[in-house]
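Worksheet: the structure to be examined is printed underneath.
Throughout, numbering of the chain's residues begins at 1 and tracks the sequence.
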Amino acid sequence: LAPDFSGQRDYVAAVANGLQHLHDHDVVYRSATIDTLVLDSCGYPQLICMSLVRSLAETGRTYTLCGTPGYLAPEQVALKGHGTAADAWGLGVLAYELLTGTLPWAGTSDELQIYQAITKHGTSGAAPLAWPASVGAAERAMIGRLMEPNEVTRLGGRIGLFNELEELACFRKMHMAALRDGALPAPHVSKCALAVISMRNSTTADPLASVRRKAFDGDGAWTAGWD
């Protein structure tokens with residue numbers, strides 16, 4: 001994606017909307033990475049990987065260390081148990097990747113070093129995140145709120161992830177209600193999706209007639225001798 005937050009903002013908000021729906025039902029997702037999101041026919045990102053979903057209805061926290069290393073929250077790495085706030089941190093990492101094209105800890109591929117960087121993030125003496133000039137102050141502040149080391153004060157814990165994003169400066173001019181209802185035009189819709197939408201809206205008896213392969217009407221000589 002181009003470094004223009006008008007598009008990335010839509011994706012971040014749409015993912016937050018899906019996560020808040022799960023959180024409202026006491027479910028933690030733990031898998032909102034750039035590799036596990038797909039766009040539907042309207043261009044909206046969908047949460048499709050349910051292998052790490054966990055209900056928190058009875059315990060309120062879970063202690064399994066699972067997920068993509070670069071997206072794990074500090075409390076997950078520390079094995080202190082985690083709740084839905086871990087999804088807010090993961091969304092912050094996703095937003096950073098959408099804006100910069102890389103993970104916050106891209107300097108290493110070693111899992112232990114990634115865990116060390118996550119644990120140190122936001123503490124005294126830790127190196128600050130690298131920001132390209134294209135990322136504005138409002139976007140940096142939003143990611144900082146999502147990647148708050150203290151899960152208690154992390155964005156989303158007060159009135160919900162999507163609702164609290166709506167209060168931030170970089171989302172105030174966005175039609176969040178329309179996005180929640182699926183009525184906001186997405187920044188990218190594939191040509192294949194547009195073709196599907198056109199086919200659904202077609203009033204012809206066979207909307208694929210012009211591209212459908214015709215049945216072979218030859219004499220079959222070319223298959224002679226086949227077993």
Side-chain angles (χ1 to χ4, degrees), residues 1 3 7-23 25-40 44-56 59 61-123 126-132 135 139-140 142-151 154-157 161-162 165 188:
L1 295 174
Q8 286 87 331
R9 176 187 61 183
D10 298 335
Y11 294 125
V12 171
V15 173
N17 187 33
L19 291 175
Q20 181 171 314
H21 175 76
L22 293 175
H23 297 171
H25 291 80
D26 297 317
V27 171
V28 60
Y29 185 63
R30 303 188 292 189
S31 194
T33 73
I34 203 165
D35 296 320
T36 58
L37 296 174
V38 298
L39 301 183
D40 64 14
Y44 279 62
Q46 300 296 312
L47 306 177
I48 62 168
C49 180
M50 298 295 167
S51 60
L52 302 182
V53 166
R54 175 67 185 270
S55 173
L56 304 176
T59 61
R61 295 181 74 78
T62 183
Y63 294 82
T64 305
L65 178 62
C66 59
T68 303
Y71 288 82
L72 298 182
E75 61 270 20
Q76 290 177 284
V77 174
L79 299 178
K80 295 180 179 179
H82 58 276
T84 56
D87 283 338
W89 174 283
L91 181 63
V93 176
L94 177 64
Y96 183 93
E97 187 173 11
L98 287 173
L99 282 166
T100 67
T102 185
L103 289 174
W105 350 100
T108 179
S109 59
D110 181 80
E111 280 194 23
L112 290 180
Q113 292 183 9
I114 291 174
Y115 293 156
Q116 289 174 354
I118 291 171
T119 303
K120 292 179 180 179
H121 175 70
T123 62
L129 296 180
W131 295 106
V135 182
E139 292 77 44
R140 299 184 191 192
M142 179 268 293
I143 292 175
R145 293 289 309 281
L146 288 169
M147 295 180 64
E148 162 62 45
N150 185 349
E151 62 176 309
R154 194 175 299 156
L155 198 72
L161 193 52
F162 183 83
L165 277 182
H188 174 76

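Under the 4.5 Å side-chain criterion, counting only non-hydrogen atoms from C-beta, Leu22 is not in contact with Val28. Inter-residue side-chain proximity for Leu94 and Val12 is flagged as unmet; no heavy-atom pair is nearer than 4.5 Å. Side-chain contact check for Val135 versus Ile143: every heavy-atom pair is 4.5 Å or farther apart. Within the 4.5 Å cutoff, the side chain of Thr62 has heavy atoms near those of the His82 side chain. Counting only heavy atoms from C-beta outward, the side chains of His121 and Leu129 approach each other to under 4.5 Å. Side chains of Thr84 and Leu161 form no contact here, defined as non-hydrogen atoms less than 4.5 Å apart.
Judged as a ring-ring contact (aromatic ring centres under 6.0 Å, His included), and not counting sequence neighbours, Tyr29 has no contacts. With sequence neighbours excluded, the residues forming a side-chain contact (heavy atoms from CB on, under 4.5 Å) with Ala106 are Thr102, listed by chain and number. Judged as a side-chain hydrogen bond (donor to acceptor under 3.5 Å, both in side chains), and not counting sequence neighbours, Thr100 has no contacts. Scored by the salt bridge (charged side-chain N to carboxylate O under 4.0 Å, His left out) test, Glu148 finds no partners at all (sequence neighbours excluded). In this structure, Thr68 has no side-chain hydrogen bond (donor to acceptor under 3.5 Å, both in side chains) partners at least two apart in sequence or on a different chain. For Glu97, there are no salt bridge (charged side-chain N to carboxylate O under 4.0 Å, His left out) partners two or more places apart in sequence or in a different chain.
Separating the CZ atom in Arg61 from the CD atom in Glu75 is a distance of 6.5 Å, to the nearest 0.5 Å.
Residues Tyr11 and Leu39 approach most closely at CE2-CD2, 3.7 Å, considering heavy atoms. Of all non-hydrogen atoms in Cys66 and Gln76, the two that sit nearest each other are O-NE2, 3.9 Å.
Between Trp89 and Trp105, the angle of the ring planes stays under 30°, which puts this pair in the parallel group of the 30/60° scheme.
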